[in-house]
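This report refers to the structure that appears directly beneath it.
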Amino acid sequence: MFYLRQTFNRHLCRHLSIRFKSIKDTNVWTQSAKCFHLTECMNKTTLKNTSGKSQSSQDWLRRQMNDPYVKKARYNNYRARSVFKLMEMDNKYQILHPSMIVVECGAAPGSWTQYIVKQLKLDAENTYPTGAVIAIDMRAINPIAGAIIMDNMDFTKPLNQSKILHALNGKLVDVVVSDMAPNASGNRDYDSTAIHNLCYSVLQFSLTVLKPISGTFLTKIWAGNDTEKFIHHLNQFFNEVTHLRPDACRADSTESYIMGRYFKGIQT
Ligand SMILES: C[S@@+](CC[C@H](N)C(=O)[O-])C[C@H]1O[C@@H](n2cnc3c(N)ncnc32)[C@H](O)[C@@H]1O
């Protein structure tokens, strides 16, 4: 049995090498796939054929390949490691339940959506037909059974927000989550301001759609000069505001999440 498995592995590795050798246009992603498959066979995480790649690309690849959350995400068929951040926050605070209506901003490639669909039980035989998740992103998102996908769409544009309202068809929302992140420029102050602008855009939208009393708001931020002010503003609209840093956030990242619970509603 052991001999058979060894022989199979050798054949598999040989097959993969031949198949990958035939890929002419090898960019970072195909190389990453190549290394991943080969190293899976050999249980070794080394980078091969990195000539021509910048040091930062090589560092990024090496970090991806050695990241336990990346491996866990692949193993569990999640599209990104970020799912473990939402999972951890949800396990701790029980944010997501069947029958809920959830708006998710910055959803690509879709790991949060996959998790939300599961928690809302939208993937099973539609046991809770009143629930829904609307997943929005500027980028394309491959379909996820049970989710309403609104991709190639900038959330901050008023026209696009009215499309979301149209999809909601007058229904109020239980949870608004945002994992949106701008393209990082490398300048911490600039990037932090950019993500805070996204947070305010989501907050403004949330105030018009969230269910009073029970509504929850959760957003990613990159810590900066505006963070305290943003928390102060959230306190005006939510009875409980919590600043969270899940374990899956990368050690060298200023990323964290701010959650507002028990929406106070808007007094008119
Ligand atoms: C960290 S990724 C989200 C990962 C996602 N939570 C997952 O688990 O797959 C951040 C996403 O925010 C999106 N984004 C940034 N600005 C946006 C905007 N103005 N409108 C819509 N999406 C935006 C980006 O396109 C990117 O896909």
Side-chain angles (χ1 to χ4, degrees), residues 32 35-36 39-40 43-45 47 56 58-97 100 102-120 123 133 135 137 141 144 147 174-184 186 188 191-192 194-196 198-199 202-203 216-228 230-231 234-235 238 240-262:
S32 152
C35 293
F36 179 77
T39 50
E40 269 214 326
N43 202 17
K44 212 167 104 191
T45 47
L47 273 177
S56 62
Q58 290 184 38
D59 290 347
W60 184 86
L61 273 176
R62 196 168 290 111
R63 193 174 65 165
Q64 283 292 101
M65 287 166 57
N66 290 308
D67 183 330
Y69 291 107
V70 172
K71 290 179 183 166
K72 219 163 121 186
R74 285 182 199 251
Y75 184 76
N76 290 290
N77 280 327
Y78 282 113
R79 295 181 184 179
R81 71 188 291 292
S82 29
V83 70
F84 297 107
K85 302 173 203 169
L86 179 62
M87 215 182 263
E88 186 183 326
M89 294 186 282
D90 186 39
N91 283 338
K92 193 160 178 193
Y93 291 95
Q94 275 88 48
I95 303 164
L96 301 160
H97 300 282
M100 279 186 160
V102 178
V103 170
E104 185 200 355
C105 307
S111 75
W112 280 32
T113 319
Q114 291 175 292
Y115 178 75
I116 295 168
V117 159
K118 276 188 193 158
Q119 294 305 96
L120 269 53
D123 53 347
V133 53
D137 205 286
I141 307 173
I144 295 170
D174 296 281
V175 180
V176 176
V177 292
S178 172
D179 198 26
M180 279 195 293
N183 286 331
R188 283 205 169 188
D191 292 339
S192 173
I195 202 167
H196 279 80
L198 290 175
C199 294
V202 187
L203 175 60
T216 299
F217 168 92
L218 175 72
T219 187
K220 187 213 303 271
I221 53 141
W222 290 333
N225 298 333
D226 301 325
T227 306
E228 282 310 310
F230 184 70
I231 291 175
L234 267 197
N235 272 304
F238 294 90
E240 185 185 292
V241 175
T242 318
H243 197 163
L244 305 155
R245 189 170 151 86
D247 291 342
C249 290
R250 296 195 194 269
D252 59 352
S253 163
T254 62
E255 167 187 89
S256 57
Y257 292 82
I258 301 181
M259 180 168 65
R261 300 185 96 187
Y262 313 114

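These figures come from a predicted structure and were not determined experimentally. Along the sequence shown, residues carry numbers from 1.
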*Going by heavy atoms in the side chains, are Asp174 and Thr216 under 4.5 Å from each other?*
no
*Taking the side chain as C-beta and beyond, is there a heavy-atom pair between Pro182 and Leu198 under 4.5 Å?*
yes
*Just wondering, do Leu218 and Val176 contact through their side chains at under 4.5 Å, heavy atoms?*
no
*Could you tell me which non-hydrogen atom of Ala107 sits nearest to which non-hydrogen atom of Ala135, and how far apart they are?*
CB-CB, 3.7 Å
_Nearest-0.5 Å distance, CD1 of residue Ile221 to OG of residue Ser256_ = 3.5 Å
*Indicate yes or no: at least one non-hydrogen side-chain atom of Gln119 is less than 4.5 angstrom from one of Asp90.*
yes
*Report yes if the side chains of Ile141 and Arg79 come closer than 4.5 Å at any heavy-atom pair, otherwise no.*
yes
*Between Arg261 and Thr242, is any pair of side-chain heavy atoms under 4.5 Å apart?*
no
*asked:* Check this for me, if you would: do Lys85 and Glu255 make a salt bridge, where the nitrogen-to-carboxylate-oxygen distance has to be below 4.0 angstrom?
replied: yes
*For Ser111 against Ser82, the heavy-atom pair lying closest together*: OG-OG, 3.7 Å
*Can you measure from CG (Leu86) to CG (Asp179) and round to the nearest 0.5 angstrom?*
8.5 Å
_Reported CD1-to-NE2 distance for the pair Ile258 and His243, which is rounded to 0.5 angstrom_ = 4.5 Å
*Who passes ring-ring contact (aromatic ring centres under 6.0 Å, His included) against Tyr257, sequence neighbours left out?*
Trp112
*asked:* Taking side-chain contact (heavy atoms from CB on, under 4.5 Å) as the definition, give me every residue that meets it alongside Asp67, ordered by chain and number, with sequence neighbours left out.
replied: Tyr69, Val70, Arg81, Arg250
*Measure the CE-OH distance between Met259 and Tyr93 for me, rounded to the nearest 0.5 Å.*
5.5 Å
*Among all residues two or more places apart in sequence or in another chain, which pass the side-chain hydrogen bond (donor to acceptor under 3.5 Å, both in side chains) test with Lys118?*
Tyr78
*Do the side chain of Asn77 and the main chain of Ala73 share a donor and acceptor less than 3.5 angstrom apart?*
no
*Just jot down the side-chain hydrogen bond (donor to acceptor under 3.5 Å, both in side chains) partners of Thr113, sequence neighbours excluded, or say none.*
Glu104
*Would you find a donor on one side and an acceptor on the other, under 3.5 Å apart, between the side chain of Glu88 and the backbone of Asp247?*
yes
*Would you say Lys220 and Ile195 make side-chain contact, with heavy atoms under 4.5 Å?*
yes
*asked:* Quick check: closest heavy atoms across Ser192 and Gly224, and the distance to 0.1 Å?
replied: OG-CA, 3.3 Å
*asked:* With a 4.5 Å cut-off on side-chain heavy atoms, are His196 and Asn225 touching?
replied: no
*Looking only at heavy atoms, which two atoms of Trp222 and Ala184 are closest? And how far apart?*
CH2-CB, 4.3 Å
_With Tyr115 via ring-ring contact (aromatic ring centres under 6.0 Å, His included) - residues at least two apart_ = none
_Testing the basics here: between Arg245 and Ser253, what is the closest heavy-atom pair and its distance to 0.1 Å?_
NH1-O, 3.1 Å
*Shortest non-hydrogen separation from Gln114 to Ile144 and the atoms involved*: CG-CD1, 4.1 Å
*What's the verdict on side-chain contact (heavy atoms from CB on, under 4.5 Å) for Thr219 and Val177, showing C-alpha distance, side-chain angles and the deciding distance?*
CA-CA 6 Å; Thr219 187; Val177 292; over 6 Å; no
_Those residues that, when tested against His97, pass side-chain hydrogen bond (donor to acceptor under 3.5 Å, both in side chains) (two or more places apart)_ = none
